[in-house]
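In what follows, residues are counted from 1 in the order of the sequence shown. Since this is a predicted model, take the numbers as computed values, not measurements.
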Amino acid sequence: MVKEYESKYEISYTEANQNLELSLIRAVEIIQSIMTDYFVSFGSDNETVKKENNALWVLSKTKVHFNKFPRWSEFILGRSYTTKIKPIRVEMETIFRNEQNEFLFGAKQEICAIDIDTRKIRKVDTISYPKDMEIKNAIDENSYTKLNEIFTEEDFVYEQKIYSTDIDYSRHTNNASYIRFMANVLSCDFLDKNQITDFEIHYLNESTEGQTLKIYKKEREQEIEFLIKEKDNNKEIARAILKYKERNN
């Protein structure tokens, strides 16, 4: 089975930041969008697996490398494909290039299926997923980062309540919302002076409407590590690391 999905996007004004570049949060949302369309193309989208298998796909890890941020009104071409299939997870990549075929940014992702009732991980072969899916060679063959930084209350930044606008079809907080909570600590001055080169996030546990999260950050030279915890029970929800370089302008 040859399964690769391509889609063309135009960067809209609402997807651009104060420098008219595609913002981090919008980049991740576009990655999620083309990944969803990719799964729709072979009948394994969440609406289908929910109805047929009482399960849902969820992201466990996302790693994005930025070579260049596209700007407002630019067209970009996205391409998604599978790089590995394990008993309880699928690994894939999504690559974006401009009209001159220049690499802009790409994402390496790891997803798994969970049971709707128990919220426990399901084996891939128990849900509607092609048995003959074609595997392509990965561009990013590096391992995910080990995010094990120790955070204290001195690293606490702010609290964020989860509202209905943060909830997605899986009835938990949308992955992009966590990235928005982290990106909120980046000032316009920071983004004017620096360019994000890499962002990696590990989704550890679910959170739902009404819960309050605590966002922590720890800054090092040219990188910031984040932690999101649930306020009441101290459960870790997500960890992430952002790397950046000084702009040349």
Taking 4.0 angstrom as the limit, do Lys108 and Glu91 come out as a salt bridge?
no
Show your reasoning for whether side chain to side chain contact (heavy atoms under 4.5 Å, CB included) applies to Ile201 and Met182.
CA-CA 10 Å; Ile201 182 167; Met182 295 174 181; 4.0 Å; yes
Least distance between heavy atoms, Tyr144 atom then Glu110 atom:
OH-N, 3.5 Å
Using modelled atom types only, decide if a donor and an acceptor are shared between the side chain of Ser7 and the backbone of Gly78 within a distance under 3.5 Å.
no
For the residue pair Lys229 / Asn234, report whether a side-chain donor-acceptor contact shorter than 3.5 Å exists.
yes
Would Tyr158 and Phe181 count as a ring pair (Phe, Tyr, Trp, His ring centres under 6.0 Å) here? Give the steps.
CA-CA 9 Å; Tyr158 75 102; Phe181 302 155; 7.4 Å; no
Examine Lys243 relative to Phe199 and say whether NZ or CZ is less than 6.0 Å from the centre of the six-membered ring and inside a 45° cone about the ring axis.
no
Spatial distance of atom SG (Cys112) from atom CZ (Arg89) [nearest 0.5 Å]
9.5 Å
Mind checking the CG-CD1 spacing from Leu77 to Ile95? Nearest 0.5 Å is all I need.
11.5 Å
May I ask you to say whether Glu102 pairs ionically with Arg97, meaning some side-chain N is under 4.0 Å from a carboxylate O?
no
For the side chain of Glu74 and the backbone of Arg71, is there at least one donor-acceptor N/O pair under 3.5 Å apart?
yes
Going through the distances and angles, do Lys136 and Glu134 end up as a side chain to side chain contact (heavy atoms under 4.5 Å, CB included)?
CA-CA 7 Å; Lys136 294 187 173 292; Glu134 181 181 7; 3.8 Å; yes
Over 12 foreign heavy atoms within 6.0 Å of CZ, Arg171
no
Any side-chain donor near an acceptor of the partner, Ser177 and Asp166, under 3.5 Å
yes
Rounding to 0.5 Å, atoms OG1 (Thr165) and CG (Asn174) come to a distance of 10.5 Å
Side chains of Ser44 and Ser128 only: does a donor on one sit below 3.5 Å from an acceptor on the other?
no
When you measure from the side chain of Thr152 to the backbone of Glu154, do you find a donor-acceptor pair of N or O atoms at a distance under 3.5 Å?
yes
Check this for me: does any side-chain nitrogen of one of Lys50 and Glu47 sit under 4.0 Å from a carboxylate oxygen of the other?
no
Check Glu93 with Lys84, please: is the shortest side-chain N to carboxylate O separation under 4.0 Å?
no
Starting from the C-alpha separation in whole Å, work towards a yes-or-no answer on side chain to side chain contact (heavy atoms under 4.5 Å, CB included) for Asp198 and Leu242.
CA-CA 6 Å; Asp198 298 273; Leu242 180 148; over 6 Å; no
Flag if over 12 foreign heavy atoms under 6.0 Å of CG, Asn137:
no
Establish, yes or no, whether a centroid distance under 6.0 Å links the rings of Phe226 and Tyr178.
no
Scan side-chain atoms only and decide if Ser164 and Glu209 contain a donor-acceptor pair under the 3.5 Å cut-off.
no
When the ring planes of Tyr129 and Phe39 are compared, do they come out parallel, tilted or perpendicular, using 30° and 60° as the limits?
tilted
Any chance you could lay out the salt bridge (charged side-chain N to carboxylate O under 4.0 Å, His left out) test for Lys214 and Glu153, step after step, and finish with the verdict?
CA-CA 10 Å; Lys214 298 178 69 175; Glu153 288 307 305; 3.2 Å; yes
Backbone of Ala238 reached by a side-chain donor or acceptor of His202 within 3.5 Å
no
Can the ring centroids of Tyr38 and Tyr5 be said to lie less than 6.0 angstrom from one another?
no
Any donor-acceptor N/O pair, Gln211 side chain to Thr208 backbone, under 3.5 Å:
yes
What I want to find out is whether Glu29 reaches Arg26 closely enough, with some N-O distance under 4.0 Å, to be called a salt bridge.
yes
Closest non-hydrogen atoms of Ser170 and Leu56, given as atom of the first, atom of the second and distance, are CA-CD1, 3.7 Å
Look only at the side chain of Lys63 and the backbone of Ser143, and say whether a donor-acceptor pair between them is shorter than 3.5 Å.
yes
Is Asn194 reaching over with its side chain to a backbone N or O of Leu191, donor-acceptor style, under 3.5 angstrom?
no
Which pair of heavy atoms, one from Thr48 and one from Gly43, lies closest together, and at what distance?
CG2-O, 3.5 Å
Checking Asn53 side chain against Ala55 main chain: does a donor-acceptor pair fall under 3.5 Å?
no
Just how far is it from atom OH of Tyr163 to atom OG1 of Thr173, taken to the nearest 0.5 Å?
12.5 Å
Charged N-O contact under 4.0 Å between Lys217 and Glu219
yes
Cluster question for you: counting only ILVMFWY and a side-chain heavy-atom cut-off of under 4.5 Å, with indirect links fine, are Val28 and Leu204 together?
no
Are Lys193 and Glu246 close enough for a salt bridge, meaning some N to O gap below 4.0 Å?
no
Trp57 and its side-chain contact (heavy atoms from CB on, under 4.5 Å) partner, picked from Asp45, Thr36, Val90:
Val90
Any salt bridge between Glu149 and Lys218, counting N to O under 4.0 Å?
yes
Of all heavy-atom pairs linking Lys86 and Val124, the shortest is O-CG2, 3.6 Å
Electrostatic pair Lys61:Glu200 at N-O distance under 4.0 angstrom:
no
Do the side chain of Arg180 and the main chain of Asn184 share a donor and acceptor less than 3.5 angstrom apart?
no
Evaluate whether atom NZ of Lys131 has more than 12 neighbouring non-hydrogen atoms of other residues, nucleotides or ligands under 6.0 angstrom away.
yes
